[in-house]
Amino acid sequence: QVQLVESGGGVVQAGGSLRLSCAASGSIFAVDAMGWYRQAPGKQRELVAALTSGGNSNYADSVKGRFTISRDSAKNTVYLEMNSLKPEDTAVYYCNANIRAYRTTQRDYWGQGTQVTVSS
């Protein structure tokens, strides 16, 4: 019943910016950490950035200083501001959220992914 919906992916030129959004909806009791993962061709899925409900954030070294994660807890929405994009940032980006829904235990939920392509 809980679902995550990403938006904001697309094609941009190197050096450009893009903002991803992810909204969680459904029978949500509480949302803990939310974050973004990505998977590039031929590589494993990796954590890009994560943010707890208390405001603690962490980033992959490859994006630190270029990407910014934020969230609107009231809307159960997490954002990823991506600046100074590089071709190596090209990947499918997945939203992740640790959620406790009504009548069930807390667990991770995943979005379907949104493609980000950075051209040279």
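No hydrogens, no waters, no symmetry mates; every other heavy atom, side chains included, goes into these values.
Cluster membership check: V5 does not share its hydrophobic cluster with W110, using side-chain heavy-atom separations under 4.5 Å among Ile, Leu, Val, Met, Phe, Trp and Tyr.
Within the 3.5 Å criterion, the main-chain N or O of S84 finds a donor-acceptor partner in the side chain of R66. A donor-acceptor pair under 3.5 Å is absent between the side-chain atoms of T104 and the main chain of Y102, judged by distance alone. With hydrogens and angles disregarded, no donor-acceptor distance shorter than 3.5 Å links the side chain of E46 to the backbone of Q39. In this structure, E81 contributes its side chain and R19 its backbone to no donor-acceptor pair below 3.5 Å.
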- request: Under the side chain to side chain contact (heavy atoms under 4.5 Å, CB included) rule, what do S21 and E6 come out as? Steps first, then yes or no, please.
  value: CA-CA 6 Å; S21 299; E6 302 109 328; over 6 Å; no
message: For R100 and T105: C-alpha separation, side-chain torsions, deciding distance, then whether side chain to side chain contact (heavy atoms under 4.5 Å, CB included) applies.
response: CA-CA 6 Å; R100 179 155 71 96; T105 57; 5.9 Å; no
task: Determine, stepwise, if the pair D72 / T77 fulfils side chain to side chain donor-acceptor pair (under 3.5 Å).
output: CA-CA 5 Å; D72 185 337; T77 301; over 6 Å; no
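V116 forms part of a hydrophobic cluster together with V2, L4, V12, L18, L20, I28, V31, M34, W36, V48, L51, Y59, V63, F67, I69, V78, L80, M82, L85, Y93, I99, Y109, V118, judged by ILVMFWY side-chain heavy-atom separations under 4.5 Å.
Here the straight-line distance linking atom CZ of F29 with atom CZ of R103 works out to 13.5 Å at 0.5 Å rounding.
When all heavy atoms are compared, the tightest approach of A14 to P87 is CB-CD, 4.2 Å.
Atom CD of Q1 is surrounded by 12 or fewer heavy atoms from other residues, nucleotides or ligands within 6.0 Å.
Side-chain N/O atoms of Q115 and T117 include a donor and acceptor closer than 3.5 Å.
When the salt bridge (Lys or Arg N to Asp or Glu O under 4.0 Å) test is applied to K64, the partners found at least two apart in sequence or on another chain are D61.
Ion pairing between a basic and an acidic side chain is recognised when a charged N comes within 4.0 Å of a carboxylate O; R38 and D89 show such pairing.
Side-chain atoms of R71 and S53, non-hydrogen and from C-beta on, do get closer than 4.5 Å to each other. Side-chain atoms of R45 and Y94, non-hydrogen and from C-beta on, do get closer than 4.5 Å to each other.
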